[in-house]
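Presented below is the structure to which this report refers.
One-based numbering along the sequence shown. Ligands are counted one by one from 1 in listed order, and the atoms in each one are counted from 1 as well. It should be emphasised that the depicted structure is a prediction, and the values quoted were computed from it without experimental measurement.
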Amino acid sequence: MKKHNFDIAVFDGDGIGPEIMQCTLQLLDHVCRDCNTFSLSYNSLPAGAAHYEKTGESLPQVSLDAARASNAILLSAMGLPHIRKPDGTEIVPQIDLRMELDLFAGVRPVFTFPGLQVLSDERAAQLDFVLIRESIEGLFAHKDEGVVSNNEEATETLRITRKVSEQLFDFSFRLAQSRAKRLNRPGKLMCIDKANVFRSFWFFREIFYERAAAFPDIETSAMYVDAAAMKMVQSPWDFDVMVTENMFGDILSDLGAGIMGSLGLAPSADIGADNAVFQPCHGSAPDIAGQGIANPAAMILSAAMMLEYLGDNNGCDEAVKCGERLRDAVTRAIAVESGRGRDIGGSANTGLIARTVQDYL
Ligand code: ATP
């Protein structure tokens, strides 16, 4: 008898979404096939831009309810540029999910893979940081309420609350502590903001330092977002754990993916008190959809983060180990020709990359 049966809500979404999700589920089944203490079951749920075009609904209530009741949510990519709401904005149920489920912490690990030659081997070995993007407020808090007056003026509102900021910083400090333990080095956390210009960011920074008092083992610092962007390009190996507002995090996480070599390699997790979504940093890549050439690595690495999350939160070491095995297999696959997609200078298609990962499991 398996001790845990984890119910996974699956959104395979739009564009390349179904292509990268299908092979990821096969790899999850493969890596977990001999596990004694847990099993996974999948619940495929409709949502996304194509679904909106068909039904007028981007995130049906039944999908939201099933996602809320699940142990974890696996999401590929949603949104298509040619399908928009009457006000001109894109269909983004992945953002609605974050808001509905209070997934306040967007975790974006940035690291490199041996042999990719984005950096020298020595620098690549040093590069390993995590960007935590606040994901339910900031400039996205009122995303459907922006006002354009008389075609002359547009206004959006940025919102920072004490409650969400405290949750975000406490989560970030704990993540800095667990990394410090795993990497056997002192923990560090940096607040990225624009506190020199905006009162809201001064408030954000003040709460950061207030919460720091509860984590005296973590070294704290703060940096303005413009300086952080420059430093991420000049010396990204100097960062450890960074925490920032939603919009700044949106932009810096794509910069992080660029440092890794491609959006197709960058995984992410959006974590709240009761739910978590695991999805690649990239979008639905409509320019390459249906051709079978999308790189599934970011999706597979996001699934590996999901296994680690399920294991950590349920005292299931076997799930954590499966997550580590999946990540190691992706790392080994990227080092060989048959594991390298076109986005990183190789020629392997989605199926071949997935088979190569499976060979290393
Ligand atoms: P969003 O705003 O929804 O995040 P986006 O506008 O940033 O999306 P993406 O869909 O992420 O755009 O695509 C950006 C570029 O990266 C495109 O050229 C796309 O083909 C490429 N790309 C994204 N994901 C992958 C992938 N998994 N494999 C290969 N190329 C990808």
Side-chain angles (χ1 to χ4, degrees), residues 11-25 27 47-53 58-59 74-85 88-99 103 106-110 113 116 118 131 133 135 139-140 143 246-270 277-305 330 333-334 338-354 356-357:
F11 289 97
D12 67 4
D14 298 307
I16 60 170
E19 301 164 45
I20 57 174
M21 183 62 86
Q22 191 194 14
C23 61
T24 299
L25 296 184
L27 286 167
H51 188 76
Y52 173 85
E53 194 176 39
S58 56
L59 179 62
L74 203 54
L75 191 156
S76 50
M78 293 190 200
L80 292 168
H82 67 281
I83 302 177
R84 289 174 186 260
K85 289 188 269 187
T89 57
E90 273 194 47
I91 310 300
V92 284
Q94 65 277 32
I95 298 179
D96 300 331
L97 255 185
R98 285 176 208 153
M99 303 281 185
L103 308 180
V107 179
R108 315 286 155 102
V110 179
F113 298 89
L116 257 194
V118 177
L131 176 71
R133 165 188 175 183
S135 296
L139 195 52
F140 286 68
K143 72 175 177 52
N246 206 341
M247 184 66 164
F248 291 164
D250 186 30
I251 298 165
L252 293 182
S253 58
D254 268 28
L255 177 47
I259 294 168
M260 293 176 76
S262 167
L263 269 172
L265 301 177
S268 84
D270 291 301
V277 171
F278 298 84
Q279 81 172 111
C281 283
H282 61 73
S284 64
D287 53 333
I288 57 166
Q291 300 175 40
I293 58 170
N295 191 341
M299 181 79 246
I300 302 167
L301 290 167
S302 303
M305 288 176 79
V330 173
I334 287 171
S338 59
R340 287 192 195 189
R342 293 163 201 230
D343 55 321
I344 49 172
S347 58
N349 62 22
T350 313
L352 180 58
I353 297 170
T356 308
V357 173

Short version for Asn295: what comes under 4.0 Å of ligand 1, heavy atoms counted, is both
Nearest-contact summary for atom 18 (O) of ligand 1 - protein heavy atom, Å: Asp287 OD2, 2.9 Å
When only distance counts, is Gln94 in polar contact with ligand 1, meaning an N/O pair under 3.5 Å? no
Determine, for Phe140 and Arg133, whether the Lys NZ or Arg CZ falls below 6.0 Å from the six-membered ring centre while staying within 45 degrees of the axis. yes
Within reach of ligand 1, part of Ile16 (heavy-atom separation under 4.0 Å): side chain
Verify atom 5 (P) of ligand 1: protein non-hydrogen atom under 4.0 angstrom away: no
Whether Ala294 lies under 4.0 Å from ligand 1, heavy atom: yes
Using side-chain heavy atoms (C-beta onward) and a distance below 4.5 Å, is Val277 in contact with Gln94? no
Determine the sole option in Thr350, Leu74, Leu75 for which the side chain to side chain contact (heavy atoms under 4.5 Å, CB included) test with Met299 is passed. Leu74
Would you mind checking which non-hydrogen protein atom is closest to atom 8 (O) of ligand 1, with the distance to 0.1 Å? Gly283 CA, 3.5 Å
Closest approach of Cys23 to Pro296 (non-hydrogen atoms, all atoms of both residues): SG-CB, 3.7 Å
Separation of Arg108 CZ from Met260 CE (nearest 0.5 Å): 12.0 Å
Should we say atom CD of Glu90 is surrounded by more than 12 heavy atoms from elsewhere, each under 6.0 Å from it? yes
Show the atoms of ligand 1 that are less than 4.0 angstrom away from any heavy atom in Gly264. 26 (C), 27 (N)
Report the nearest protein non-hydrogen atom to atom 29 (C) of ligand 1: residue, atom name, distance rounded to 0.1 Å. Ile288 CD1, 3.6 Å
So, does Gln279 use its side chain to make a donor-acceptor pair with the main chain of Ala77 at under 3.5 Å? no
What protein heavy atom sits nearest atom 14 (C) of ligand 1, and how far away is it? Leu263 CD1, 3.9 Å
If you round to the nearest 0.5 Å, how far is CG of Asn295 from CG of Leu263? 10.5 Å
among protein heavy atoms, the one nearest atom 7 (O) of ligand 1 is Asp254 OD2, 4.3 Å
Note: Ser284, heavy atoms under 4.0 Å from ligand 1, region reported as backbone
Is the closest side-chain donor-acceptor distance between Asp14 and Ser284 under 3.5 Å? no
Option set Gly341, Ala297, Ala285, Ala266, criterion heavy-atom distance to atom 13 (O) of ligand 1, minimum: Ala285
